[in-house]
> 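Provided herewith is a single structure, encoded as structure tokens, for subsequent inquiry.
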Amino acid sequence: MATLNEAILSLDRLPALPSTSVRLVAMLANGGTRADLHEVEAVIRADESVVASVLRLANSAAFGTPGCTFSLGDSVRRLGTRTLAKIALETQVSGQLADAGVSYGLRRGSLAGSAIGGAIAAETLARRHRVDPELAFVAALLRDIGKLAIDAIAGPDALERIAAQAEARPFLAFEREAFGADHAELGAILCERWGLPSEIVRAVRGHHEPPSSPADPVTDVVHAADCVARWAGLGLGCDGLLYTFDAGARERLATTRDELEALIADVHSALAPAGSAIGASSLPNLRNAA
Amino acid sequence: MSRSPSTPISLPSKPDAPRALEFDRGARDRVVVGVADLAVSRDPTKSIITYALGSCIGVTLYDPIAKIGGMLHFMLPDSTVSPDKAALNPPMFGDLGIPLLFQKVTEAGARRERLIVCAAGGAEVLADDGHFRIGNRNRTILRKILWKHNLLVSAEDTGGQHSRTMTLRLADGAIQLRVQGKESQLWPR
């Protein structure tokens with residue numbers, strides 16, 4: 001059994017979020033203005049995988065022009081600051097999460113897919129419920145970052161052993177018992193250490209147990225988005241569905257079953273084309289904008 | 001049949017229909033069925049596998065004489081919530097995917113009266129007070145459609161909160177489950 005101190009010490013062993021990612025988060029949290037475009041472009045040009053994602057998206061059927069092929073410069077201008085910042089951040093966080101979730105029995109890439117699927121869901125829900133979509137997107141993308149810390153403490157099959165013996169109660173409770181803190185709390189501490197905005201720290205901390213007094217709309221949206229991602233089969237490890245959909249958050253969002261089921265279908269479809277999720281989250285946005 | 005028996009038939013509804021996130025297409029002897037996906041095979045050297053069955057349900061149909069089998073991994077019970085996605089990808093929904101699986105296994109040569117049906121998945125989030133119950137409603141649509149086809153489930157492992165991995169071995173129709181790191185055989189018992 002680990003203590004909270006040991007859990008927090010384990011955070012020191014984790015690689016830091018790249019400084020460019022921290023800047024992208026700050027930009028998105030502030031609305032991503034045109035003034036930020038040059039900085040985003042510099043981040044993109046420094047990373048081949050981001051360049052590929054940007055070119056693919058700008059030239060995709062969703063908003064490419066038949067017969068035209070757009071260069072990187074054209075693509076940057078076409079896509080705009082916010083979309084570019086999201087693509088770059090998605091790529092960097094996916095890299096960070098590529099091998100994460102081993103202790104939950106997740107296969108490579110599974111947690112990254114869940115991060116992006118949740119971000120797509122959160123952004124859509126946020127637009128419907130008058131919550132800042134960029135904040136919701138970033139918070140949902142980072143919501144499970146604390147699972148990196150659990151991986152560092154837990155070893156390859158510790159969680160599977162715990163979950164196999166356990167009765168049906170929230171998985172966060174098992175994590176607290178075994179490691180002194182759950183992945184939501186550890187994720188929030190990581191985000192704080194990286195200097196991310198307090199709205200994101202709060203949503204990461206509450207994404208399974210959203211607070212009710214006072215309630216936080218971004219956290220409610222990220223919480224619902226996490227459930228949507230699970231129902232879409234994303235990021236399901238030995239923790240399975242051992243989480244609740246908070247009744248208070250459900251009432252505050254006034255979300256219906258049909259609305260969420262349609263969103264589950266949307267999330268699955270947005271992730272599926274081309275076998276790669278990168279850039280997928282930006283598509284619904286751009287379709288709406290077109 | 002003109003098709004080679006060694007060729008698994010993977011059946012997205014259209015050539016460009018989305019398959020699920022598939023981070024591991026698996027070894028040569030395995031056909032991986034993604035979320036909202038189905039596959040049929042009459043190659044007895046192969047297995048069909050699907051991962052991460054949470055509230056989703058994996059359904060298998062197997063003809064033990066012809067050694068033809070198929071697997072569907074559907075996500076939601078009712079296609080009316082998203083007609084455009086249903087048109088693009090029918091296996092996403094139980095009401096369309098289950099009849100499609102029947103159609104594809106019988107087209108591949110299986111006989112309906114010999115089919116063995118197994119199911120796994122249909123888990124729920126904790127303390128769902130009846131508002132969503134996606135796993136439960138997935139189980140209900142499966143039973144309704146089987147009833148229409150005059151079939152019963154031979155073996156199932158559904159409900160609870162856990163994620164399941166399901167494998168159909170085409171040589172003998174055996175269904176293996178992996179739940180919480182433990183392997184078990186669902187059929188034959």
Side-chain angles (χ1 to χ4, degrees), chain A residues 98 104-110 112-114 116-117 157 159-166 168-171 227 230-247 250-251 255-277, chain B residues 12 16-25 34-37 50-56 58 73-86 88-89 92-93 121-135 137-138 159-165 178-182:
Chain A
Y104 294 80
L106 290 172
R107 291 180 299 144
R108 182 177 160 77
S110 182
S114 166
I116 295 170
D157 56 359
L159 283 183
E160 279 197 344
R161 279 201 309 274
I162 294 168
Q165 296 160 8
R169 62 192 179 110
F171 202 77
C227 292
R230 283 184 184 279
W231 280 321
L234 298 170
L236 294 179
C238 64
D239 51 349
L241 297 181
L242 287 164
Y243 300 98
T244 53
F245 195 129
D246 185 78
R250 193 185 74 213
E251 281 169 21
T255 187
T256 65
R257 186 168 77 190
D258 283 0
E259 181 191 7
L260 284 194
E261 290 192 4
L263 185 55
I264 293 166
D266 288 347
V267 165
H268 176 81
S269 300
L271 286 175
S276 168
Chain B
D16 59 347
R19 295 179 66 91
L21 280 175
E22 287 166 12
F23 300 103
D24 169 19
R25 282 298 291 172
V35 181
D37 189 14
T50 196
Y51 300 98
L53 289 164
S55 53
C56 302
H73 182 145
F74 73 92
M75 203 163 70
L76 294 165
D78 182 357
S79 59
T80 60
V81 297
S82 189
D84 57 329
K85 299 298 181 298
L88 189 67
N89 192 12
M92 190 180 282
F93 300 95
E124 300 286 4
V125 293
L126 283 169
D128 186 336
D129 54 6
H131 195 82
F132 297 110
R133 294 170 62 244
I134 293 175
R137 288 167 43 247
N138 278 339
Q161 277 75 37
H162 295 312
S163 170
R164 298 163 167 97
T165 294
R178 185 175 168 85
V179 186
Q180 301 295 87
K182 287 185 183 162

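Every chain is numbered from 1 and lettered A, B, ... according to where its sequence line falls, protein lines coming before strand lines.
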> If you tally heavy-atom pairs under 4.5 Å against chain B, which of Pro170(A), Gly240(A), Cys238(A) wins?
Cys238(A)

> Using heavy-atom distances under 4.5 Å, tell me whether Ser82(B) contacts chain A through its side chain, its backbone, both, or neither.
side chain

> For Ala52(B) and Gly233(A), which heavy atoms make the closest approach, and how far apart are they?
CB-O, 3.8 Å

> Once rounded to the nearest 0.5 Å, what's the spacing between atom SG of Cys227(A) and atom CZ of Phe132(B)?
7.5 Å

> For Leu260(A), which atoms come within 4.5 Å of any heavy atom of chain B: side chain, backbone, both, or neither?
side chain

> Considering only heavy atoms, which portion of Asp84(B) lies under 4.5 Å from any heavy atom of chain A: side chain, backbone, both, or neither?
neither

> Quick one: pull up CG in Leu236(A) and CZ in Arg164(B) and give me the separation to the nearest 0.5 Å.
11.5 Å

> Any side-chain heavy-atom pair from Ser269(A) and Asn89(B) closer than 4.5 angstrom?
no

> Is any side-chain heavy atom of His162(B) less than 4.5 Å from a side-chain heavy atom of Leu242(A)?
yes

> Compare every heavy atom of His131(B) with every heavy atom of Arg257(A), then report the nearest pair and how far apart it is.
CD-O, 3.3 Å

> Going by salt bridge (charged side-chain N to carboxylate O under 4.0 Å, His left out), name the residues that satisfy it together with Glu259(A), two or more places apart in sequence or in a different chain.
Arg128(A)

> So which residues of residues 121-128 of chain B are in contact with chain A at a heavy-atom cut-off of under 4.5 Å?
Ala123(B), Glu124(B), Val125(B), Leu126(B), Ala127(B)

> Name the option with the most non-hydrogen atom pairs under 4.5 Å to chain B; the candidates are Phe171(A), Trp231(A), Tyr243(A).
Trp231(A)

> Locate the shortest heavy-atom distance separating Ala265(A) from Met75(B); write the atom from each residue and the value.
CA-CE, 4.0 Å

> Is any side-chain heavy atom of His268(A) less than 4.5 Å from a side-chain heavy atom of Leu76(B)?
no

